[in-house]
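Hydrogens, waters and symmetry mates play no part in the numbers below; they use all other heavy atoms, side chains included. Keep in mind the model is a prediction, meaning the values are calculated, not measured.
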Amino acid sequence: MTATRKVRVRFAPSPTGGLHLGGVRTVLYNYLFARRHGGDFVLRIEDTDQSRYVPGAEEYIFSCLAWAGLEPDESPLKPGAYGPYRQSERKAAGLYQQYADQLVRDGYAYYAFDTPEELEKMREQFRTEDNPSPQYDHNVRMEMRNSLSLSLEETNVLLEKGIPYVVRIRMPEKETITFTDMIRGEVSFDAGLSDDKVLLKADGMPTYHLAVVVDDHLMEITHAFRGEEWLPSAPVHVLLWKYLFGLDKMPQWAHLPLILGPQGKLSKRDGAKYGFPVFAMNWTDPRSNELTEGFREKGFLPEAFTNLLAMLGWNDGTEQELFSLEELTEKFSIDRVHNGGARFDYEKAKWFNHEWIKRVDINKLQEAVSPLLAEHGFDVSDQHRVAKVLGLVRDRCTLLPDFIEQAGFFFQRPANIDAAAVKPKWSEAKNLFFTELIRNFELATLWKAEELENNFKEIAAANQLKPGDVLLPFRVMLVGGKFGPQVFDIAEVLGKEETVRRIQQALPLFN
RNA sequence: GGCCCGUUCGUCUAGGGGUUAGGACAUCAGAUUUUCAUUCUGAGAACAGGGGUUCGAUUCCCCUACGGGCUACCA
């Protein structure tokens with residue numbers, strides 16, 4: 001690793017469906033690392049499996065990153081000097097075949113002509129209780145149909161006849177592969193235990209194994225982050241680097257701990273099962289029409305989302321837990337990433353969101369909440385007023401949709417008045433009080449919370465009532481129920497006319 | 001089955017040879033807010049087990065257990 005190389009990292013999702021928590025966290029760590037080191041963050045689309053192509057999945061990934069504020073420096077949408085950024089296009093440009101050929105030529109890989117049926121037959125044949133999943137490895141490769149077991153002539157005949165083939169890596173029988181992972185330190189594998197992975201498929205497409213090495217090289221990637229589930233195939237990649245480009249050029253690997261669900265690796269199924277989102281945004285599978293909920297639609301702020309993701313496996317060594325993206329950029333370091341998998345805790349996730357709703361810039365809050373309010377038919381044309389309302393109720397909202405309930409009465413007269421909360425303690429004195437209050441309010445010239453409260457208390461005293469006796473009825477009149485912020489603040493925002501009208505309309509319900 | 005990774009309160013984690021093992025979420029109990037939420041205070045709650053190494057291990061090493069991942073012409 002030459003220290004002088006510019007840091008370049010990449011996130012390489014396959015566009016096969018929604019983008020889940022773990023994926024976004026990988027993006028986040030990539031992004032943070034790139035920013036921290038003045039490097040580039042590249043988004044590369046791993047669409048080498050045509051059979052798994054899902055329309056819309058790619059666009060969906062772009063939107064998720066945009067929403068989370070984790071925009072790449074280079075991507076299919078924003079090509080840099082290392083394009084194309086889709087592997088299907090890179091394949092079309094002939095980028096992979098030559099390396100597969102080179103490997104075969106050098107004896108590190110071979111052609112294999114086995115059909116899927118033959119492979120299945122082999123697995124069945126060798127499957128025992130002790131070996132439930134037989135591999136295509138050095139133990140069996142000489143019994144299969146490939147350029148190792150066949151003579152050169154036989155191989156050439158098959159090749160000339162156009163018999164479909166794949167290129168497989170020839171894993172060395174006795175070799176220990178060791179490399180240093182940024183998170184785990186030194187890890188080593190016995191190469192002979194791994195199977196001869198397919199590098200190039202029969203359709204000419206590379207598999208992930210070939211593509212990731214070739215592309216990381218061509219794109220000059222210096223640090224490669226990915227989930228821990230990739231660790232077992234890392235020796236294949238290391239070997240490929242050694243054969244093709246040299247270990248000194250290999251990026252530094254960092255295998256991120258997994259994000260676990262209630263049981264095992266977090267899956268989209270967990271979301272529906274336990275009632276929390278697992279994708280960044282809502283995703284509807286175009287085939288099954290099945291909807292998987294996203295954090296955005298559930299009502300999370302992007303600030304909270306990135307914050308909680310960052311804390312799932314990383315901390316800065318202090319007791320601070322609330323970090324803006326800017327702060328994270330400043331403080332993130334890969335060696336403070338925890339090794340163990342982290343179980344996702346939705347309760348804590350909500351806490352993060354609550355905190356961010358309380359502290360985020362009011363303009364950003366407005367941006368996120370106004371559309372929601374508008375959707376519910378509330379008039380949000382007066383943005384100044386909306387800001388005031390949000391400021392008043394934000395403390396009591398954990399998820400964005402909570403604003404509908406918490407702020408709704410500012411925009412719409414309550415449909416139901418909780419008279420039952422008031423009636424048992426209602427009295428003629430109170431009725432008189434409110435009649436007088438209406439008169440007083442109608443004449444008010446200064447419509448300010450403080451002023452209103454003073455008037456309110458004076459009138460109460462004049463009627464031999466304690467303010468507390470009439471505060472709750474007043475609240476119920478304005479809000480409809482026993483909730484909401486300071487009642488005089490509410491009255492101020494509601495305005496004179498509306499406040500008076502609500503008192504007038506509710507009063508008969510208590511008598 | 002094989003291989004790999006991991007293991008501190010229920011959860012996310014700090015710490016690291018000698019600490020009352022710290023914080024946060026959640027839970028419970030109080031206080032404040034004449035609504036609710038916020039806020040505040042407090043409580044209970046953890047080093048998986050066994051061997052070493054050491055004057056001393058939660059911390060270092062080994063084994064076991066447990067958890068997880070991988071074991072496709074998927075990524």
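Here, rC61(B) and rG2(B) have their C1' atoms 25 Å apart, quoted to the whole Å. With P as the reference atom, rC9(B) and rA21(B) are 15 Å apart, rounded to whole Å. Taking atom C1' on both rU58(B) and rG15(B), the two are 10 Å apart, rounded to the nearest angstrom. Rounded to whole Å, the P atom of rG51(B) lies 35 Å from the corresponding atom of rA43(B).
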With sugar-phosphate taken as primed atoms, P, OP1 and OP2 and all else as base, the protein-contact string of nucleotides 61-68 of chain B at under 4.0 Å (heavy atoms; B, S, -) is -------S
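Residue Thr318(A) places none of its side-chain N or O atoms closer than 4.0 Å to OP1 or OP2 of rG23(B).
Figure legend: cation-pi geometry between Lys348(A) and Trp351(A), with NZ or CZ positioned under 6.0 Å from the six-membered ring centre and within 45° of its axis.
At distances below 3.5 Å, not a single donor-acceptor pair connects side-chain atoms of Asp196(A) with backbone N or O atoms of Arg170(A).
Looking at heavy-atom distances under 4.0 Å, Pro485(A) makes contact with a base. Within 4.0 Å of His338(A), counting heavy atoms only, lie sugar-phosphate atoms of the nucleic acid but no base atom.
rG67(B) is paired with rC5(B) under the criterion used here, namely a Watson-Crick or G-U wobble arrangement in which both key atom distances are under 3.5 Å. rU39(B) and rA31(B) make up a base pair, with Watson-Crick or G-U wobble contacts both under 3.5 Å. rA24(B) and rU11(B) make up a base pair, with Watson-Crick or G-U wobble contacts both under 3.5 Å.
Taking the six-membered ring for Trp and the full ring otherwise, the centers of Tyr111(A) and Tyr165(A) sit less than 6.0 Å from each other. Aromatic pair Tyr208(A)/Trp230(A): ring centres closer than 6.0 Å.
If Asp195(A) and Glu46(A) are placed on RNA chain B by their nearest nucleotide, the residue sitting closer to the 5' end is Asp195(A).
Rounded to whole Å, atom C1' of rC12(B) lies 16 Å from atom NZ of Lys350(A). Note: CG (Asn315(A)) to P (rC25(B)) measures 16 Å, nearest angstrom. Regarding Trp230(A), its CH2 atom lies at a distance of 13 Å from the P atom of rA72(B), rounded to whole Å.
Within residues 9-18 of chain A, the residues that place at least one heavy atom under 4.0 Å from RNA chain B are, in residue-number order, Ser14(A).
The base of rA24(B) lies close enough to the side chain of Lys348(A) for a donor and an acceptor atom to sit less than 3.5 Å apart.
There is a side-chain donor-acceptor pair under 3.5 Å between Tyr136(A) and Asp114(A).
By the side chain to side chain contact (heavy atoms under 4.5 Å, CB included) test, Ala461(A) pairs with no residue at all, sequence neighbours left out.
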